[in-house]
Amino acid sequence: MSDVIKLLPDSVANQIAAGEVIQRPASVVKELVENAVDAGATSIKLFIKDAGRTLIQVVDNGKGMTETDARMAFERHATSKIREASDLFSLHTMGFRGEALPSICAISQVELKTKTPDKPIGTHLIINGSRVEQQQPVVCDAGTNIMVKNLFFNVPARRKFLKSDNVELSNIMREFERLALVNNNIRMSIDTGGRQLDLRAATFHQRIIDLWKNSLDLHLVPINVDTSLIKISGYVSRPEYARRRNPLQYLIVNGRNMRHPYFHKAILSCYESLIAPDTQPCYFLKFEVDPSSIDVNIHPTKNEIKFEYEQDIWPILQASVKAALGKSGSVPSIDFNIDVVPVAPVKQGESRPQPTIEIPKDYNPFKGVENPINHANTFRPANHDKSNAKNWNKLYSDFIKGAHGFGEETKASTENSTLEGFGSLMPDVICLQYKDRYIVTSGHDGLLIIDQRRAHIRILFDEFIEKLESGEVTSQGVMFPDSLEIEPSLHNALQEVLPEMNRIGFRIEYDSDNKWLVTGVPSFAINLDARDIILRMLEAVDETGLNYGNSHSSLNPLMQRLALIMARSAAIHYDQKLTSEEMEHIVSKLFSAPDSSYTPNGNKIYYLIEDSIINNILR
């Protein structure tokens, strides 16, 4: 038998590695900018064309590379950052794996011009899909100018799965914001073809303001704590600035962005009684720790970091945030230094005089009321008609029909509806609410437990789809336009959804800086929170799977997503008490829908406990 194990060519190995390191154009921006930071650059310029598909160019004034280093930089695991394994625990650079540049050149066409300050000429290098096509001397400025062209040109499957230009630009801008926030001492600029942003070198606080304008300035609370284990500095937002959508949350350790759910939870716990449950605070926190106490070699993106003393850091972080909120007056406190007016002492044997209230002698609290008994309760035990008792069966039957009804139309639709294999609803059913979350009712085949919010979302979604498909939606102007602040990274996402939102009646106009005005809403959504709907749409633009919803609908995926977002915004919430009429209306409408089993995004709406199961339990 011949040997079957072969060593993969470098070009294939690099493409495999690129699948982990480079997911989209924003990944290329991250790797190239971090290399420029490691090169000691004080100015970094980015140029983007066609959302990174055609060109991603990074120009820096760092120390540059020699002719040999320029060639070696594109070899796998070639790096200037570390020399031995122990260096992984004393990192002071962003990169160290030696995988980024080989991965990038494996799936693109790369052109590099670089020169060190002590050399008169530099090096020009052209690489096409990991294959070096040209290397020659060139006259250029000190530093590095690298151009990544035609990303994923040789991996068409990966290129096909890229999102629209607006979505990819939004991701690039979001990555740029993260990099600019971490490296506030470096001047950074970006030109996307339609938008330019130039950020001066500044303090951490000023960089936050430059990125997100003045909307945050008055809401930031400083934190500065220095212990033997960790130094924490930065800012958290006041509770009143908590956001329902797109909270600005950044954790930075030793100059590196990170995601850390454990520390995120510690921060949120400080706001538990100060903000609404569906909102989150903004925070911008820098950690400085001993490099040997963290491990950044967890994932190729280097965003996941393990801490050796994370359980000890938790109480320090929590106490720091609470102390900052307390000093800013965001947490109610008792001032023990306030002057108290002294009360004259009472002599022995005397009692302190009690306050008196003078009431007129002719005062009658029931004057003008015929009968002080609550008129809502018309039951009179002494005068009730005994004949009603004889007709109790008729009264009960009328009550059941009235409670269940909403007219004959509702009753008919309920009797004719089916539970997709579970049989029809029992006529004249009674609905009960359990824990203000579930509706419990009966069917022919057993007991139904219905999630009240999911059921209402299903109902509203189908109604909105029907209205949108009819094309009869009109725009209703609002007397007082809502002001909407949208971060720079979401401007491109707004351009993606704006035509569709205008088509169905939303009117959104640019005001100034990052502010927009909502001047009109669809006539059928006049009572909905337009700001919340728009922000949810911007969140959803870069999500995958936009084509779910009503598979029989002629609407495009974006419109179906909009219908779902409006349904979620308008639907009843958990912990909301419902009347019998409201519950029975939801049940009847749900089971007259084409699909009553699942919400548009696939969540189960109800569960059936069959009669046979109940009988076995009670046997």
Side-chain angles (χ1 to χ4, degrees), residues 26-27 29-31 33-38 40-42 44 81 88-96 173-188 199-212 216 220-227 229-237 246-268 270 280-310 312-314 316-318 320-321 324 487-489:
S27 305
V29 170
K30 173 183 179 296
E31 299 296 342
V33 171
E34 287 184 347
N35 281 344
V37 172
D38 287 342
T42 58
I44 301 174
K81 315 297 174 60
L88 290 171
F89 300 100
S90 57
L91 288 172
H92 297 280
T93 58
M94 296 295 99
F96 58 87
M173 288 302 300
R174 198 171 292 114
E175 191 63 55
F176 177 79
E177 288 173 356
R178 280 193 285 263
L179 293 165
L181 184 65
V182 173
N183 303 289
N184 55 279
N185 59 325
I186 299 175
R187 179 169 186 171
M188 297 182 66
L199 302 173
R200 57 185 171 168
T203 62
F204 189 57
H205 179 268
Q206 189 59 51
R207 180 55 60 89
I208 295 173
I209 304 307
D210 288 344
L211 280 169
W212 293 285
L216 271 172
L220 293 179
V221 178
I223 292 179
N224 198 345
V225 175
D226 193 354
T227 68
L229 188 62
I230 185 173
K231 180 181 179 181
I232 303 175
S233 60
Y235 301 88
V236 295
S237 66
N246 304 307
L248 303 172
Q249 298 174 338
Y250 296 90
L251 290 176
I252 303 166
V253 57
N254 292 359
R256 185 189 304 275
N257 272 300
M258 71 169 176
R259 292 190 299 265
H260 207 290
Y262 187 67
F263 294 152
H264 171 73
K265 187 176 180 181
I267 298 170
L268 292 189
C270 302
Q280 290 199 21
C282 299
Y283 55 78
F284 312 84
L285 295 179
K286 285 186 172 183
F287 295 172
E288 293 182 27
V289 298
D290 183 357
S292 64
S293 67
I294 60 174
D295 185 2
V296 299
N297 191 26
I298 305 299
H299 191 271
T301 59
K302 302 180 285 291
N303 286 332
E304 299 176 15
I305 299 176
K306 284 188 175 181
F307 284 73
E308 183 179 359
Y309 305 108
E310 66 177 18
D312 299 315
I313 294 174
W314 168 289
I316 299 174
L317 175 60
Q318 194 176 50
S320 303
V321 175
E487 276 75 37
S489 62

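Treat the numbers as computed from the prediction; the structure is a model and nothing was measured.
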Problem set entry | Criterion side-chain contact (heavy atoms from CB on, under 4.5 Å) against K286, the qualifying member of I252, V182, L181 |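 Exactly one candidate clears the test, I252.
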
For this session: Check each of V236, L251, L211, L248 against F284 using the side-chain contact (heavy atoms from CB on, under 4.5 Å) test, and report the only one that passes.
Result: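 Of the listed residues V236, L251, L211, L248, the side-chain contact (heavy atoms from CB on, under 4.5 Å) partner of F284 is L248.
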
Spacing of [X] atom [atom1] and [Y] atom [atom2] [to the nearest 0.5 Å]:
| X | Y | atom1 | atom2 | result |
| --- | --- | --- | --- | --- |
| S293 | D312 | OG | CG | 11.0 Å |
| K306 | M258 | NZ | CE | 14.5 Å |
| R207 | M188 | CZ | CE | 7.0 Å |
| N183 | E34 | CG | CD | 8.0 Å |
| Y283 | L268 | OH | CG | 6.5 Å |
| E310 | I294 | CD | CD1 | 12.0 Å |

Problem set entry | Which atom of I208 lies closest to which atom of Y235, heavy atoms considered |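 Answer, listing the atom of I208 first, then Y235: CD1-CD1, 4.0 Å.
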
For this session: Measure across A324 and P222 and return the closest heavy-atom pair with its distance rounded to 0.1 Å.
Result: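 A324 and P222 have their closest heavy atoms at CB-O, 3.6 Å.
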
Can you sort out the partners of [X] under side chain to side chain contact (heavy atoms under 4.5 Å, CB included), two or more places apart, ordered by chain and number?
| X | value |
| --- | --- |
| R178 | R174, E175, Y250, N257 |
| S320 | I223, V225, I232, I316 |
| E288 | K231, N254 |
| A266 | W314, L317 |

Problem set entry | Sequence-distant partners of D210, salt bridge (charged side-chain N to carboxylate O under 4.0 Å, His left out), two or more places apart |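 R200.
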
For this session: Ignoring hydrogens and angles, tell me if any N or O in the side chain of N224 forms a donor-acceptor pair with the backbone of S233 under 3.5 Å.
Result: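 Side chain of N224 to backbone of S233: no pair is present.
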
Exercise. Are the side chain of Q249 and the backbone N or O of P281 linked by a donor-acceptor pair below 3.5 Å?
Worked result: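 Such a contact is found between Q249 side chain and P281 backbone.
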
Exercise. If we only count heavy atoms from C-beta on, is the F176 to L199 side-chain gap below 4.5 Å?
Worked result: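 Yes. Closest side-chain heavy atoms under 4.5 Å.
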
Problem set entry | Over 12 foreign heavy atoms within 6.0 Å of OH, Y262 |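 Counting other residues, nucleotides and ligands, OH of Y262 exceeds 12 neighbours.
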
For this session: Please identify each residue that fulfils ring-ring contact (aromatic ring centres under 6.0 Å, His included) with F307, with sequence neighbours left out.
Result: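 H260, F263.
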
